[in-house]
Amino acid sequence: METFQLTNIRKTFKNGEVEEEVLKGVNLSLRPGEITALTGASGSGKSTLLTIAAGLQETSEGEIRFKGKNLADVKEEKLRKVRAEEFGFIFQSSHLVPFLTVEEQLFMMLEVAGKKKEEDEVTAILNKVGLSHRRKAYPSSLSGGEKQRAAIARSVIHRPSVLFADEPTASLDSKKSEEVMQLLEDMTKELGMATLLVTHETEMLSFADRVVHMEDGKILA
Ligand SMILES: Nc1ncnc2c1ncn2[C@@H]1O[C@H](COP(=O)(O)OP(=O)(O)OP(=O)(O)O)[C@@H](O)[C@H]1O
């Protein structure tokens, strides 16, 4: 079964008197253990679609089903819980908390997700992302690639069923980008996550199981 099913999603923004329809009836499904790459020109609506799927902003029209449940029927408080427990997020910038060490970032995420503080889990994931030797380091002493790997560890430590990754390699050089994408691919398979990857970098598409092109608010068939 699909983890996510988006049907006929429309989104209109009002900028003063001007109304702009940014999503024009989008259908998309995300399946467990698969990376779906969403690609397309700047302004085509990729990030808007990702944030709508993640419940970070409302859709103007359409239906979002997560594990079969219509999210419109889920109360805000419960939706917060679903987001914290079941969703993981990575963005272009790692958004690490400056005053927490690498391992503390992961413990914080476990706490937010209402999970136990499992030292072993944290050790395992830090080994996986190649950061076990930097677990006591603060973000300011990490390289760009290390920061992004710490952000990946944090995004999956609570074993989410969906991973939303918006341009996760945009700040990295091509070698680091490939390492990060390989990690995302491994994690997606290992945890059986449904991963939505927004990227405009064509080299990253080889890591995707499915590539979906957006143009002017629509998905090209
Ligand atoms: N909160 C908002 N209010 C008004 N307009 C918005 C808002 N968010 C996005 N837009 C507009 O919607 C359009 C699509 O933006 P979006 O960020 O989804 O595109 P994108 O495909 O992710 O682009 P990029 O690759 O440059 O990040 C743009 O024209 C943008 O200006």
Side-chain angles (χ1 to χ4, degrees), residues 1-76 78-80 82-93 155-156 160-170 181 184-185 187-188 191-221:
M1 190 178 79
E2 284 89 5
T3 306
F4 251 101
Q5 186 97 52
L6 304 167
T7 311
N8 194 26
I9 301 296
R10 290 179 180 271
K11 180 71 181 175
T12 304
F13 288 115
K14 276 202 190 84
N15 292 320
E17 292 296 293
V18 185
E19 274 200 2
E20 190 191 357
E21 192 173 30
V22 169
L23 298 176
K24 301 173 179 169
V26 172
N27 298 309
L28 181 67
S29 53
L30 305 178
R31 304 188 196 108
E34 268 190 17
I35 296 183
T36 302
L38 192 56
T39 184
S42 178
S44 56
K46 305 181 296 294
S47 298
T48 303
L49 185 60
L50 179 139
T51 50
I52 281 179
L56 296 174
Q57 64 175 328
E58 287 185 354
T59 177
S60 306
E61 238 185 276
E63 189 183 79
I64 305 168
R65 285 189 178 270
F66 172 62
K67 292 186 172 173
K69 208 167 174 48
N70 187 347
L71 287 186
D73 299 335
V74 179
K75 294 214 168 64
E76 181 54 33
K78 171 81 177 133
L79 195 59
R80 275 176 198 280
V82 169
R83 267 201 300 260
E85 291 175 3
E86 305 247 27
F87 297 179
F89 293 92
I90 315 171
F91 296 99
Q92 175 172 348
S93 158
S155 73
V156 298
S161 39
V162 194
L163 183 64
F164 294 103
D166 196 352
E167 305 273 8
T169 59
M181 280 311 305
L184 285 182
E185 189 183 7
M187 298 289 189
T188 298
L191 299 177
M193 293 183 301
T195 297
L196 180 61
L197 167 75
V198 166
T199 185
H200 63 264
E201 295 170 283
T202 44
E203 311 85 68
M204 301 308 135
L205 300 181
S206 60
F207 291 92
D209 298 284
R210 262 191 321 149
V211 179
V212 172
H213 292 275
M214 278 197 87
E215 199 176 290
D216 190 25
K218 289 191 199 125
I219 283 177
L220 296 184

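Side chains of Thr48 and Gln57 form a contact here, defined as non-hydrogen atoms less than 4.5 Å apart. Taking the side chain as every heavy atom from C-beta outward, Leu49 and Leu6 approach each other to under 4.5 Å. Under the 4.5 Å side-chain criterion, counting only non-hydrogen atoms from C-beta, Leu184 is in contact with Met181. When side chains are defined from C-beta on, Asn8 counts as touching Asn27, because their heavy atoms get closer than 4.5 Å. At least one side-chain heavy atom of Leu28 sits under 4.5 Å from a side-chain heavy atom of Leu196. Within the 4.5 Å cutoff, the side chain of Phe66 has heavy atoms near those of the Val162 side chain. The closest side-chain heavy-atom distance from Met214 to Leu23 is below 4.5 Å. Residues Leu163 and Met187 fail the side-chain proximity criterion, which asks for heavy atoms closer than 4.5 Å.
Here the straight-line distance linking atom CD of Gln5 with atom CD of Glu63 works out to 8.5 Å at 0.5 Å rounding. From Phe207, atom CZ reaches atom OG1 of Thr195 across 13.5 Å, with rounding to the nearest 0.5 Å. Distance CG/Leu79 to CG/Leu71: 6.0 Å, rounded to 0.5 Å. For the atom pair Leu197 CG and Met204 CE, the distance stands at 9.0 Å (nearest 0.5 Å). The line from CD1 of Ile52 to CG of Leu50 is 10.0 Å long, rounded to the nearest 0.5 Å. Taken to the nearest 0.5 Å, the CD atom of Glu17 stands 9.5 Å off from the CD atom of Glu19.
Contact record, Phe164 with Ala53: CE2-CB, 3.8 Å, taken as the closest heavy-atom pair. The two residues Ser155 and Ile90 have their closest heavy-atom pair at OG-CG1, 3.5 Å. Taking all atoms of both residues into account, the shortest heavy-atom contact from Thr199 to Thr39 is O-OG1, 3.2 Å. Residues Asp166 and Ser47 approach most closely at OD2-OG, 3.1 Å, considering heavy atoms. Taking all atoms of both residues into account, the shortest heavy-atom contact from Ala37 to Ala208 is CB-CB, 3.6 Å. The nearest pair of heavy atoms linking Leu30 to Ala194 is CB-CB, 3.9 Å.
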query = Would Glu215 and Lys24 count as a salt bridge (charged side-chain N to carboxylate O under 4.0 Å, His left out) if you check the C-alpha gap in whole Å, the side-chain angles of each, and the deciding distance to 0.1 Å?
reply = CA-CA 10 Å; Glu215 199 176 290; Lys24 301 173 179 169; over 6 Å; no

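Within the 3.5 Å criterion, the main-chain N or O of Ile35 finds a donor-acceptor partner in the side chain of Asp209. Judged by distance alone, the side chain of Lys46 and the main-chain N or O of His213 form no donor-acceptor pair under 3.5 Å.
Residues Arg10 and Ser60 bring no donor and acceptor atom of their side chains to less than 3.5 Å of each other. Judged by distance alone, the side chains of Ser161 and Glu86 do bring a donor and an acceptor atom under 3.5 Å apart.
In this pair, Phe87 and Phe89 present their aromatic rings perpendicular. The plane angle is above 60°, beyond the 30 to 60° band.
With respect to the salt-bridge test (charged N to carboxylate O, under 4.0 angstrom), the residues Glu34 and Arg31 qualify. A salt bridge does not link Glu21 with Lys218: every distance from a Lys NZ or Arg NE/NH1/NH2 to an Asp or Glu carboxylate oxygen is 4.0 Å or more.
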